[in-house]
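Structure first, commentary second.
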Amino acid sequence: MTRSGGEAWVGGLETMVHRKWATAWLAAFGLALAGCSQPADESAEEATPPAQTFEWTLVTTWPKNLPALGTAPEKLAVLVREMSAGRLSIKVYGDGELVPAFGVFDAVSAGNAEMGHGAAYYWRGKLPVAALFTTVPFGMTAQEMNAWLHYGGGLELWQELYAPFNLVPMAAGNSGVQMAGWFNHEINDVTDMQGLKMRMPGLGGAVIDGLGAAAVTMPGSEIFTSLQTGVIDATEWVGPYNDLAFGLHEAGTYYYYPGWHEPGAMLEAIVNKEAYDSLPPDLRAILVTATRAVNQDTLDEFTARNNAALTTLVREHNVQLRRLPDDVLARLREGSEAVLEGVATDEISRRILDSYRTFHDEVQSYHAISEQAYINARTATGPNAGTTDEAG
């Protein structure tokens, strides 16, 4: 707007109000115009357009809203929505709602869902070495797994392994050390493992196969009925918190520890690569940050809830808590080494296995004089010294 245009505008204004008020208004309007190079209506046309929004589908291997496992992806969806002010919305579907539990990997790979939540050892038939990104028998704990992934090169190797499948993996929860499982007869020596039909996925399943048992892989939703009806003789699931929620104490008699097969079971979030790349940088950062927060939160929840659940199982439901005999654990340990070597089927698998073993050896050396030494000292000198078979 030019000055002559402004004077013409004042001329029209004088027909409505007194000249002195028009002159004062014009002076103020002129000051405002001094900082403007375009009319107000043209400036409005150049305003920043609304931010793009995204609506994603997340499929999981877990029953809907199962404590910790099933609620972890729900928490992730809430965090992402709130941190992005609604720009990225994720709808979560449980096992069987859109795809079967073991169809999650393929569904996200093909782009039928933008995201999935599960455990990498479920894809062992497709990628044998993937099991290392969940857990290794007698391997690293949750704390050690997190360290390997985020500071030991493990995550980069995981990303490389999944890249041909159009997937971006992230750590998205951990159960901590699990229980050895539920059995309908006692395990007194290695011969009691022979002929045992036991639900156990991952490398642990391959280990018990070597002891004469028959490992069975099935989704969590099928475990209770299979154990109750005798389709299987034993099962591992997670630990007291989840096992109590599943009611496994109503189908199994003996509850064994320690969880030699899953000392720190890592959960995974997988994202379709094209969907991930379609996000602007800030939303990618929000997704990564929220997933890492859920990774820690899930471990915290298991740590906080397991003992109370175990106390309930033992004291209210009369569950028979047992420790696996030393000779059985020794044989399981021997078998684990052979099974672990068998995952190195190609060049990348060998690199992953070498990285895992190197980090495990190094962190175990330090933990021997830190975490383990402290726990041993606390156990030996505490008020419950020598007590192992009583919960609470």
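Residues: numbered from 1 along the sequence shown. All of these numbers come straight from a predicted model, not from anything done at the bench.
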Can you tell me if T217 uses its side chain to pair, donor with acceptor, with the backbone of P201 under 3.5 Å? no
With heavy-atom distances below 4.5 Å as the criterion, would you say the side chains of P280 and R87 are in contact? yes
Which atom of A180 lies closest to which atom of M200, heavy atoms considered: O-CE, 4.4 Å
Should K75 and E301 count as side-chain neighbours, where that means a heavy-atom distance under 4.5 Å? yes
Quick one: are L76 and M115 in side-chain contact, heavy atoms under 4.5 Å? yes
Less than 4.5 Å apart, any side-chain heavy atom of F133 and any of L149? yes
Common cluster, V104/V92, ILVMFWY with side-chain heavy-atom separation under 4.5 Å: no
For A131 against R124, the heavy-atom pair lying closest together: CB-CD, 4.2 Å
Applying side-chain contact (heavy atoms from CB on, under 4.5 Å), run through Y256 and E236 and close with a yes or a no. CA-CA 9 Å; Y256 276 90; E236 65 82 50; over 6 Å; no
Check this for me: R351, atom CZ, are more than 12 non-hydrogen atoms of other residues, nucleotides or ligands nearer than 6.0 Å? yes
With side chains defined as the heavy atoms from C-beta onward, is the minimum distance between L69 and W237 less than 4.5 Å? yes
Begin from the C-alpha positions of T379 and N376 and carry the test side chain to side chain donor-acceptor pair (under 3.5 Å) through to its verdict. CA-CA 5 Å; T379 302; N376 289 346; 5.6 Å; no
Determine yes or no for a side-chain-to-main-chain donor-acceptor pair under 3.5 angstrom, with T134 supplying the side chain and A130 the backbone. no
Has T71 got a side-chain atom pairing as donor or acceptor with P67's backbone, closer than 3.5 angstrom? no
Charged N to carboxylate O under 4.0 angstrom, E114 versus K91? no
Close aromatic pair by centroid cut-off 6.0 Å: W56 and Y276: no
When you measure from the side chain of D243 to the backbone of V238, do you find a donor-acceptor pair of N or O atoms at a distance under 3.5 Å? yes
Point-to-point distance, once rounded to the nearest 0.5 Å, from CG of L283 to CZ of F54: 6.0 Å
Does V80 belong to the same Ile/Leu/Val/Met/Phe/Trp/Tyr cluster as M170, with side-chain heavy atoms less than 4.5 Å apart forming each link? yes
Hey, are the side chains of T235 and M218 touching, using non-hydrogen atoms and a 4.5 Å cut-off? no
Shared hydrophobic cluster, Y254 / L211 (ILVMFWY, side-chain heavy atoms < 4.5 Å): yes
Can you give me the closest heavy-atom contact between G220 and F246, atom names plus distance? O-CE2, 3.0 Å
Please check: side-chain N/O of Y255 versus main-chain N/O of L313, any donor-acceptor pairing under 3.5 Å? no
Within the side chain of N65, is there an N or O that forms a donor-acceptor pair under 3.5 Å with the backbone of G70? no
Between N295 and N146, does any side-chain donor sit less than 3.5 Å from a side-chain acceptor? yes
Do any N or O atoms from the side chain of N272 and from the backbone of A113 form a donor-acceptor pair under 3.5 angstrom? no
State yes or no: do V271 and L167 share one hydrophobic cluster built from I, L, V, M, F, W and Y residues joined by side-chain heavy-atom distances below 4.5 Å, directly or via other members? no
Please identify which of these residues, F105, W158, W123, meets the ring pair (Phe, Tyr, Trp, His ring centres under 6.0 Å) condition with F165. F105
Minimal non-hydrogen separation, L203 against L340, with atom names: CD1-CD1, 4.0 Å
Could you tell me whether R350 and E341 make a salt bridge, using a distance below 4.0 angstrom between a side-chain N and a carboxylate O? yes
Check: G118 main-chain N/O paired with E268 side-chain donor or acceptor under 3.5 Å: no
Kindly write out the residues that satisfy ring-ring contact (aromatic ring centres under 6.0 Å, His included) with F224, not counting sequence neighbours, or none if the list is empty. none
Check: D300/T303 side-chain N/O donor and acceptor closer than 3.5 Å: no
Between K273 and D277, does at least one N-O distance fall below 4.0 Å, as a salt bridge requires? yes
Donor-acceptor check, side chain of N166 to backbone of A110, threshold 3.5 angstrom: yes or no? no
Is there a donor-acceptor contact under 3.5 Å from the side chain of E97 to the main chain of G94? yes
Side-chain heavy-atom pair I187, M193 within 4.5 angstrom cut-off: yes
Contact summary for T61 and A101, nearest pair of heavy atoms: CG2-O, 3.0 Å
Shared hydrophobic cluster for Y122 and V136 (ILVMFWY, side-chain gaps under 4.5 Å): yes
For L155 versus P169, what's the shortest heavy-atom pair and its separation? CD1-O, 3.8 Å
